[in-house]
Amino acid sequence: MESWVGIGIVGLGFVGERAHLPSFRSIPSARLVAVADVDTERARRAAEKFKVKSAYSSHIDLVRDPEVDAVVISVPTFLHRQIAVDAARAGKHILCEMPLAPTLQEAQEIVDEAEAAGIIFMPSLNFRFTPNYVKVKELIASGSIGAPVAAFYREFIAAEELAQQWPANSWAWDEEKSGGGPGFTLSIWSIDLLRWLLQADIVEVCSFSRDVVLKQFGGTIGYNRLSVLKFSNGAVAGLEFSGLVRPAMSVSRLELLCDSLNSLIAEGNERVILHRAEPDRQEWIFREKGPRVWGHLQEDQHFVESILMKKRPTVTPEDALKAQEAAARIVNG
Ligand SMILES: NC(=O)c1ccc[n+]([C@@H]2O[C@H](COP(=O)([O-])OP(=O)(O)OC[C@H]3O[C@@H](n4cnc5c(N)ncnc54)[C@H](O)[C@@H]3O)[C@@H](O)[C@H]2O)c1
């Protein structure tokens, strides 16, 4: 058995350079051997900074590189399919950013190609590796706090932060290229989180939205989406997403209410609070740094271990398709 995996990353934007590059660099059983970006200068700079042997301007060259065992796809969503097909046909394992593709049909094509090639395919659903959500999962799995029957999740992202990450001319605001704008893209991870924590599928979705064009950021969108979900086990959830706030109003907060009257709160990525019969209150604080905060490093580590051990990752293509399907239903009302 090989003791390490050769990694090639395609797409060195927000998530490629800030999350996956430093993550794979620090995983002992991974060797970051190649990067590719159509922005040649960006690829060259990243290779220099992270000491990567090969920098390419096309994914084709990266996929052909014999030192690359696995390809990380972190290009804009509408480009995932072609790169995934080329990588799968070259026999390379794939970690694919989410959403898998703008449409469910293209996402299914990616999954089918990976299946036919017999490679390890893992969708990047990193909330399952985020330390405070892992704690929430452990508390539920312990059976000691009862079963969660209602969930409330709020995620407000500052309009100016979104505009910095994705300027108005970015693919991310284009409905066709992204599959439904940031409101679609950014709901994927929390939907998957709820499926994972509640251990159930989403059977009904009711959604309302109101978007505002933000001229001060060149035409980005201040989206607002309110959704109510019903799960196959009877659990219900309320989701609130907004990109129409200033930084001081940025928040991510999950509340889970259990049939035992206990409740769990996950605030940002720093804190979990468990309320039992008053005054029993327990709190856990997480002070992770770098790409561990959002779970990217732990996710990437799991991907590498799955390849080395020839085991199916715990996060499956079906999880990706189900999260994407629900996100599309939320966006489309
Ligand atoms: N897991 C997460 O936390 C997370 C967060 C944000 C975005 N995402 C997802 O990651 C993907 C990328 O998002 P982003 O925000 O990093 O995008 P981005 O626009 O910041 O970066 C995309 C990068 O891909 C490069 N690129 C474009 N076309 C290319 C091609 N044909 N070949 C090689 N490189 C190419 C661009 O030059 C750019 O460097 C999207 O699918 C998005 O939904 C995931």
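Just follow the structure's listing: the first ligand is 1, and inside any ligand the first atom is 1. One-based numbering along the sequence shown.
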Provide the number and element of each atom of ligand 1 under 4.0 Å from a heavy atom of Thr77.
40 (C), 41 (O), 43 (O)
Ligand 1 atoms nearer than 4.0 angstrom to some heavy atom of His296 are 1 (N), 2 (C), 3 (O)
Give a yes or no on whether Tyr133 and Ile145 share a hydrophobic cluster (residues Ile, Leu, Val, Met, Phe, Trp, Tyr; joining criterion: side-chain heavy atoms under 4.5 Å apart).
yes
shortest atom 6 (C) of ligand 1-to-protein heavy-atom contact is with Phe14 CD2, 3.8 Å
Test side-chain hydrogen bond (donor to acceptor under 3.5 Å, both in side chains), reference Glu48, set Arg44, Arg45, Lys51, output is Arg44
Considering the heavy atoms of Met98, write down every atom of ligand 1 situated less than 4.0 Å from one of them.
9 (C), 41 (O), 42 (C), 43 (O)
In terms of residue, atom name and distance, what is the protein heavy atom nearest to atom 21 (O) of ligand 1?
Gly13 CA, 3.1 Å
May I ask whether His80 has any heavy atom positioned less than 4.0 angstrom from an atom of ligand 1?
yes
Minimum-distance protein heavy atom relative to atom 8 (N) of ligand 1
Glu97 OE1, 3.8 Å
Look at the aromatic rings of His302 and Phe129 and report parallel, tilted or perpendicular, splitting at 30° and 60°.
tilted
Counting non-hydrogen protein atoms only, what is the nearest one to atom 11 (C) of ligand 1? Give residue, atom name and distance.
Val75 O, 3.3 Å
Run through Arg31, Lys53, Lys92 and flag the one making a salt bridge (Lys or Arg N to Asp or Glu O under 4.0 Å) with Glu67.
Lys53
Tyr153-Ile140 co-clustered via ILVMFWY side chain contacts under 4.5 Å:
yes
For atom 36 (C) of ligand 1, grab the closest protein heavy atom and report residue, atom and distance to one decimal in Å.
Asp37 OD1, 3.4 Å
Below 4.0 angstrom from a heavy atom of Val10, which ligand 1 atoms are there? Numbered from 1 as shown, please.
33 (C)
Can you find an N/O atom of Val15 closer than 3.5 Å to an N/O atom of ligand 1?
yes
Gln105 atom CD: more than 12 heavy-atom contacts under 6.0 Å:
no
Where is the tightest heavy-atom contact between Glu97 and Ser124, given as atom of each residue plus distance?
OE2-OG, 2.9 Å
Atom indices of ligand 1, in the order listed, that fall short of 4.0 Å to a heavy atom of Leu12
23 (C), 39 (O)
Near Val38 (heavy-atom distance under 4.0 Å), the atoms of ligand 1 are 26 (N), 27 (C), 28 (N), 29 (C), 30 (C), 31 (N), 32 (N), 33 (C), 34 (N), 35 (C), 37 (O)
Atom 38 (C) of ligand 1 [closest protein heavy-atom partner, distance rounded to 0.1 Å]:
Arg42 NH1, 3.3 Å
Give a yes/no on ligand 1: does Ser57 have at least one heavy atom closer than 4.0 angstrom to it?
no
Ligand 1 atoms nearer than 4.0 angstrom to some heavy atom of Thr185 are 43 (O)
So Pro123 and Cys96, do their side chains get closer than 4.5 Å, heavy atoms only?
no
Can a donor-acceptor pair be found, under 3.5 Å and without considering hydrogens, that links the side chain of Asp37 to the backbone of Thr40?
no
Which atoms of ligand 1 are found less than 4.0 Å from any heavy atom of Ser74?
12 (C)
Tell me which protein heavy atom sits closest to atom 13 (O) of ligand 1, plus the residue, atom name and distance to 0.1 Å.
Trp171 CZ2, 3.5 Å
Just to be sure I read this right, does ligand 1 sit under 4.0 Å from the backbone of Trp294, its side chain, both, or neither, counting only heavy atoms?
neither
Atom 22 (C) of ligand 1: which of Cys96, Ser178, Gly11, Pro76 has the nearest heavy atom?
Pro76
Would you say the side-chain atoms of Asn262 and His275 include a donor-acceptor pair closer than 3.5 Å?
no
So is Arg18 in contact with ligand 1, going by heavy-atom distances below 4.0 Å?
no
Would you name the heavy atoms of Ser232 and Ala200 that are closest together and state the gap between them?
OG-CB, 3.4 Å
Under 3.5 Å side-chain donor-acceptor pair for His59 and Asp86:
yes
Less than 3.5 Å apart, any donor N or O on the side chain of Asn269 or Thr130 sitting next to an acceptor on the other?
no
Tell me: protein heavy atom nearest atom 28 (N) of ligand 1, and distance?
Leu79 CD1, 3.2 Å
